[in-house]
Amino acid sequence: MKKLARAVAVLLATTGMAVLAACSGGGSSAQSSGAEGYTLRIGTTSTTGTPAGNIGWGDKKGILKSDLAAAGVTNIKYSYFQSGADIVSALLAGAVDVAAVGDTPGLSSKGNGGDVTLLSLDSYNEDMWLVGAKGGPTTIQGLAGKSVAAATGTQRDRSIRQLLDLAGLTTRVTVSNLGTPQALAALKSGKIAGTVLGGADAYTLTQQGYPVLDRLSKHKGLGGVGTDVALKSFVSKHPGFEKAWQNAIVSINRDILGHFDDYLTWVSQLDGISVALERKGTDRKTFNTEPYPAAGIAELQTSLDFLEKQGDIKKPYKVADWVAESSGDQS
C-alpha cells in the first residue's frame with residue numbers, strides 16, 4: 001500500500017539521500033549470487049524513512065529476508081522515493097533491483113520499452129477517492145472548467161484521469177502535475193478543485209469536511225494494484241529470485257490477514273492516526289495470497305487499456321502475456 005506523504009521536507013531529503021546511496025555503489029547488489037550472497041536493493045515510497053505497508057510489515061516481522069534467503073539474499077537495502085514513477089526511473093537506471101510501485105508505473109515501464117519482469121502483485125482492489133476542495137464542487141460534474149492535480153505517471157494520476165474520462169470530462173478539466181504533498185497544499189489553499197487519495201488518507205480529509213466527488217470502487221472493475229517489478233537482467237542473474245519473492249509476498253499477506261489488528265495498530269502508529277481510522281481505510285480484500293490473483297490481473301488490464309487509449313503506452317501488450325512471460329523467468 002503506498003501511503004500519503006505528510007512530511008514533505010523529510011521525504012524529499014530521504015529521497016535524495018537514497019538515490020545517491022543507491023547509485024554510489026555502497027550497499028549495492030552483489031556481482032553474483034554465490035555463497036556469500038548479496039544485498040537486495042528495494043525502491044519504495046515511505047513517509048518515515050522506514051519500509052511501509054505490507055513490504056514494511058514483512059521487513060518488521062523478518063518474513064521478507066527469511067523467504068528471500070532461498071535466492072541468496074543476505075541483506076536488504078531500501079531506497080525511498082516520492083512517487084512510483086521515480087522508483088521505476090531508478091530501476092531502469094540500475095539504482096535499485098526491485099521497484100514496489102502502483103499499477104501505472106509498472107504498466108508504463110513495460111509498455112514503453114522497459115525490459116522488466118512482473119515479479120508479483122502485492123495488493124489489488126485498492127480504492128482511490130477523488131476529493132474536492134472545501135467550498136468547491138460537490139460532484140465530479142462540478143469540476144468542469146476547473147483544475148485538479150496528481151503526479152504524472154502515477155497510480156493517482158491514472159485514477160483521476162480515469163474517473164474524469166468516465167464522467168465525460170477529459171477535455172473539460174485540467175490535470176496539473178503535482179506531487180501528493182504539493183497537491184494537498186494546493187487543495188487546502190483552494191488553488192485546485194480536487195485531487196485523488198487512497199485509504200485512511202482520504203478518510204482523514206473527509207472527516208475534515210472535504211467532499212468526495214467520486215471513487216474507483218463505485219465503478220465495476222476499477223481498482224489500484226500494487227506491482228513489483230525488476231529488470232529481466234537482474235532476474236536472470238539471480239536464479240530462483242522471482243519464486244522466492246512471490247513466496248515472500250504471499251507469506252507477508254497471509255501474516256497480515258492472520259494478525260490484522262496488529263497490522264492496523266502498527267500502520268496507524270506510522271501514519272500518526274487512530275487505529276479506528278486506519279481500519280476504515282484498510283480493506284482486508286486488498287491483500288492477495290497468490291502472486292497473480294485473477295481479479296488483480298483483470299484490474300491491471302483495465303488500467304492498461306485506459307493508458308493505451310490515452311496514448312501513454314507506446315508498445316501495446318496484454319497483462320496476461322506479461323504474466324506468462326514473467327513466470328517463464330522462474331527457475
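Values in this document were obtained by computation on a predicted structure and should not be read as measured data.
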message: For residues I63 and I76: do they belong to one hydrophobic cluster (side chain heavy atoms under 4.5 Å, members Ile, Leu, Val, Met, Phe, Trp, Tyr)?
response: yes

field: Closest heavy-atom pair and its distance - W266, W57
entry: CH2-N, 3.4 Å

message: side chain to side chain contact (heavy atoms under 4.5 Å, CB included) for D157 and V175? Distances and angles first, verdict last.
response: CA-CA 8 Å; D157 174 48; V175 181; 4.0 Å; yes

query: Just checking, any donor-acceptor pair under 3.5 angstrom between side chains of S83 and D86?
result: yes

statement: To the nearest 0.5 Å, atom CD1 of I42 lies from atom NZ of K77 at 11.5 Å

task: Check step by step if side chain to side chain contact (heavy atoms under 4.5 Å, CB included) holds for I297 and Q301.
output: CA-CA 6 Å; I297 296 302; Q301 185 62 54; 5.6 Å; no

- prompt: Distance-only, no hydrogens or angles: does the T286 side chain make a donor-acceptor pair with backbone N or O of Y124 under 3.5 Å?
  reply: no

task: Measure up the W245 and F241 rings against each other and bin them: parallel (under 30°), tilted (30 to 60°), perpendicular (over 60°).
output: tilted

query: Rounded to the nearest 0.5 Å, how far does NZ of K315 lie from CG of N112?
result: 8.5 Å

Minimum heavy-atom distance between N288 and P293, given as atom pair plus value: CB-CG, 3.7 Å

statement: Nearest heavy-atom contact between P137 and L213 is O-CD2, 3.3 Å

- prompt: Taking C-beta and beyond as the side chain, do S108 and V88 meet within less than 4.5 Å on heavy atoms?
  reply: no

query: Of all residues at least two apart in sequence or in a different chain, which pass the ring-ring contact (aromatic ring centres under 6.0 Å, His included) check with W322?
result: Y317

- prompt: Should we say atom NZ of K134 is surrounded by more than 12 heavy atoms from elsewhere, each under 6.0 Å from it?
  reply: yes

- prompt: Which atom pair, heavy atoms only, marks the closest approach of L119 to A230?
  reply: CD1-CB, 3.9 Å

message: Quick check: do Q155 and E126 have side-chain heavy atoms less than 4.5 Å from each other?
response: yes

- prompt: Under 3.5 Å, is there a donor-acceptor pair between the T154 and R156 side chains?
  reply: no

Spacing of L91 atom CG and F234 atom CZ [to the nearest 0.5 Å]: 10.0 Å

message: Please check this pair: side chain of K314 against backbone of G111, looking for a donor-acceptor N/O pair closer than 3.5 Å.
response: no

message: Would a single hydrophobic cluster contain both V250 and V229, if residues Ile, Leu, Val, Met, Phe, Trp and Tyr are joined by side-chain heavy-atom contacts under 4.5 Å?
response: no

- line: Closest non-hydrogen contact found for S268 with E278 is CA-OE1, 3.4 Å

- prompt: Is the shortest heavy-atom distance from the side chain of K318 to the side chain of L304 under 4.5 Å?
  reply: no

Close side-chain approach of V267 and T282, heavy atoms under 4.5 Å: no

message: Do L178 and L187 sit in one hydrophobic cluster, given that two such residues count as connected whenever their side-chain heavy atoms are within less than 4.5 Å of each other, even indirectly?
response: no

task: Output yes when a side-chain donor or acceptor of Y78 lies under 3.5 Å from a complementary backbone atom of G56, and no otherwise.
output: no

- prompt: Counting distance only, does the side-chain N/O of N54 pair as donor-acceptor with the main-chain N or O of D122 below 3.5 Å?
  reply: yes

query: Say you draw a straight line from CG of L169 to CZ of R161; how long is it, rounded to the nearest 0.5 Å?
result: 14.5 Å

- prompt: What distance do T104 atom OG1 and L307 atom CG have between them, rounded to the nearest 0.5 Å?
  reply: 5.0 Å

message: Between L163 and L216, is there a side-chain heavy-atom distance shorter than 4.5 Å?
response: yes

query: Is any side-chain heavy atom of L166 less than 4.5 Å from a side-chain heavy atom of H219?
result: yes

message: Under a 3.5 Å cutoff, is there a donor and acceptor pairing between the side chains of T289 and N253?
response: no

Donor-acceptor contact present, side-chain T206 to main-chain Y203, <3.5 Å: yes

message: Is the shortest side-chain heavy-atom distance between I87 and T45 below 4.5 Å?
response: yes

- request: Please state whether the rings of H238 and Y38 are parallel, tilted or perpendicular, taking 30° and 60° as the class boundaries.
  value: parallel

query: So which pairs with a foot in residues 165-177 pass side chain to side chain donor-acceptor pair (under 3.5 Å), sequence neighbours left out?
result: T152-N177, D165-T170, D165-K309

- prompt: Backbone N or O of S217 within a donor-acceptor pair of the D127 side chain at under 3.5 Å?
  reply: yes

message: With rounding to the nearest 0.5 angstrom, report the CD1 to OG1 distance, I55 to T44.
response: 6.5 Å

task: Go through the steps for S303 and V225 under the test side chain to side chain contact (heavy atoms under 4.5 Å, CB included), then give the verdict.
output: CA-CA 9 Å; S303 295; V225 180; over 6 Å; no

- prompt: Got V116 and L92 here, is their nearest side-chain heavy-atom distance under 4.5 Å?
  reply: yes

- prompt: Considering all heavy atoms of both residues, which atom of S274 and which atom of L277 are nearest to each other, and what is their separation?
  reply: OG-N, 3.1 Å

- prompt: So, are D262 and K61 salt-bridged, with charged N and O less than 4.0 Å apart?
  reply: no

query: Do the side chain of D97 and the main chain of R41 share a donor and acceptor less than 3.5 angstrom apart?
result: yes

- request: Answer yes if Y210 and L197 sit in the same cluster of Ile, Leu, Val, Met, Phe, Trp and Tyr residues linked by side chain heavy atoms under 4.5 Å apart, and no otherwise.
  value: yes

task: Could you tell me whether the side chain of K191 and the main chain of K188 form a donor-acceptor pair under 3.5 Å?
output: no

